[in-house]
Amino acid sequence: MVKKAFIIAIDGPAGAGKSTIARMLAGKLGYVYIDSGAMYRSITWAAMRAGFSLQDDKKLVALAKETRLCFKKHDHQMKLFMNGKPVTKAIRTPKVTANICYIADNLQIRRLMVKLQQKIGQAGGIVMEGRDIGTKVFPGADFKFYLDASAQERARRRYREFKARGVKVKIQDILQDIRIRDHKDKTRMVSPLKKAKGSIVIDSSKLTPEQVVSIMMGRIAGSV
Ligand code: DC
C-alpha cells in the first residue's frame, strides 16, 4: 500500500507509451496524471491559429504569457483547459506536431511551462510525463522513470493504432517521423530529452503496458 503523495516523473521519446503508462499508474495510485506535452501542443496550436510567423519569438512569448492553461477534472480525468475552454483533439494533428519545435525550443516559453508544471505538481500525488520532467521540472522527484522502446517497435505500435482507426499510412513513413522527432527532442538546445540523474530506465519494447506498470509499482512499493 502506497500512502505518501509522491511526485513521479516519466520521461522518454515519442511513442514509448508514456501517456498510457502514466494514466494507468496514476489510476492505480489514486494520483493525478499530467500530460505536459499537451501544454506545448496547445501553445503551438494557438500560435498557428493566430497566424503570425512561428519564427517570431517575441510574438510567441507574448502569446504564451497571455494564454491561460490549467488542468481540471473533466469526465473523470484531468483535462487541459486553454483560456477556459477544454483543449480538443486539434492539438494532436501532424501539423501541430511538426511545428512544436518553435515552442519547445524557446527558453522563455519553457520557463513559463516549467513554472506552471511545478505549481501543479508541488503538493505531490502526481504522475507527470514529458521530456524534461525528471531533469528540469522535478529533478528531486521521488521517482524518475525513463521509458524507452526501440524506434522500430514504436513505429509498429503507431502503425497498429492508425490501422485500427482505418487510417492508411506506411510504416516506413512513421519510422522516419519518429526518427525526426527523436532527433529534435534529443538535440534541443534547451532541456533536451535525456535520462535524468538517478532515473530508472525501462525498455518497454517487449513489455505490455501492464508489465511496465507492474515494474513501476514494484519500485514504488519496494521503497516505502
Ligand atoms: O508528449 P507529446 O508527444 O505530446 O509532446 C509533444 C512535443 O512537446 C514533444 O515532441 C516535445 C515537446 N515537449 C517538451 O518539449 N517537453 C515536455 N515536457 C513535453 C513535451
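Both counts, for ligands and for their atoms, begin at 1 and track the order of listing.
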(request) Indicate yes or no for a side-chain donor-acceptor contact from Arg131 to the backbone of Pro192 under 3.5 Å, with no hydrogens or angles considered. (result) no
(request) Would you mind telling me if ligand 1 is within reach of the side chain of Lys184, the backbone, both or neither, using heavy atoms under 4.0 Å? (result)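 The answer is neither; Lys184 stays 4.0 Å or more away.
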(request) Classify the contact between Met39 and ligand 1 as side chain, backbone, both or neither, using a heavy-atom distance cut-off of under 4.0 Å. (result) neither
(request) Flag yes if more than 12 heavy atoms outside Arg111 fall under 6.0 Å of its CZ atom; otherwise flag no. (result) no
(request) Answer yes or no: does atom NZ of Lys79 have more than 12 heavy-atom neighbours from other residues, nucleotides or ligands under 6.0 Å? (result)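 Yes, NZ of Lys79 has more than 12 neighbouring heavy atoms, counting only those of other groups under 6.0 Å.
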Closest approach of any protein heavy atom to [atom], naming residue and atom:
| atom | result |
| --- | --- |
| atom 12 (C) of ligand 1 | Ile100 CG2, 3.9 Å |
| atom 19 (C) of ligand 1 | Ser36 OG, 3.4 Å |
| atom 2 (P) of ligand 1 | Arg131 NH2, 3.7 Å |
| atom 20 (C) of ligand 1 | Gly37 CA, 3.5 Å |
| atom 3 (O) of ligand 1 | Arg181 NH2, 2.8 Å |
| atom 4 (O) of ligand 1 | Arg41 NE, 2.7 Å |

(request) Report yes if Gln117 has an N/O atom closer than 3.5 Å to an N/O atom of ligand 1; otherwise report no. (result)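 No.
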(request) State if Arg188 counts as touching ligand 1 under the rule of any non-hydrogen atom under 4.0 Å. (result) yes
(request) Return yes when Arg110 approaches ligand 1 closer than 4.0 angstrom through a heavy atom, no otherwise. (result)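 It does; at least one heavy atom falls under 4.0 Å.
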Taking 4.0 angstrom as the limit and counting only heavy atoms of [X], give me the atoms of ligand 1 inside it, by number and element.
| X | value |
| --- | --- |
| Asp185 | 9 (C), 10 (O), 11 (C) |
| Asp132 | 16 (N), 17 (C), 18 (N) |
| Ala104 | 15 (O) |

(request) Inspect the contact between Arg160 and Glu153 and indicate whether a charged nitrogen and a carboxylate oxygen are less than 4.0 angstrom apart. (result)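 Judged by the 4.0 Å cut-off on N to carboxylate O distance, Glu153 and Arg160 do form a salt bridge.
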(message) Quick test of your reading of the model: are Asp177 and Arg158 salt-bridged, counting only N-O distances below 4.0 Å?
(response)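 No, Asp177 and Arg158 are not salt-bridged.
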(message) Working note: Thr20 + Arg157, criterion side-chain hydrogen bond (donor to acceptor under 3.5 Å, both in side chains); need CA distance, chi angles, decisive distance, verdict.
(response) CA-CA 12 Å; Thr20 307; Arg157 289 177 188 167; over 6 Å; no
Enumerate, atom names and distances included, each donor-acceptor pair closer than 3.5 Å involving a side-chain atom of residues 87-97, sequence neighbours excluded.
unit_1 : atom_1 : unit_2 : atom_2 : d
Thr88  : OG1    : Ala90  : N      : 3.3
Arg92  : NH2    : Asp35  : OD2    : 2.9
Thr93  : OG1    : Val96  : N      : 3.3
Thr97  : OG1    : Arg41  : NH1    : 3.1
Thr97  : OG1    : Thr93  : O      : 3.1

(message) For Phe6, run the ring-ring contact (aromatic ring centres under 6.0 Å, His included) check against Tyr31, Phe143, Phe145 and tell me which one passes.
(response)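 With Phe6 as partner, Tyr31, Phe143, Phe145 yield a single ring-ring contact (aromatic ring centres under 6.0 Å, His included), made by Phe143.
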(request) Using the salt bridge (Lys or Arg N to Asp or Glu O under 4.0 Å) rule, pick out the option among Asp182, Asp132, Asp105 that qualifies with Arg188. (result) Asp105
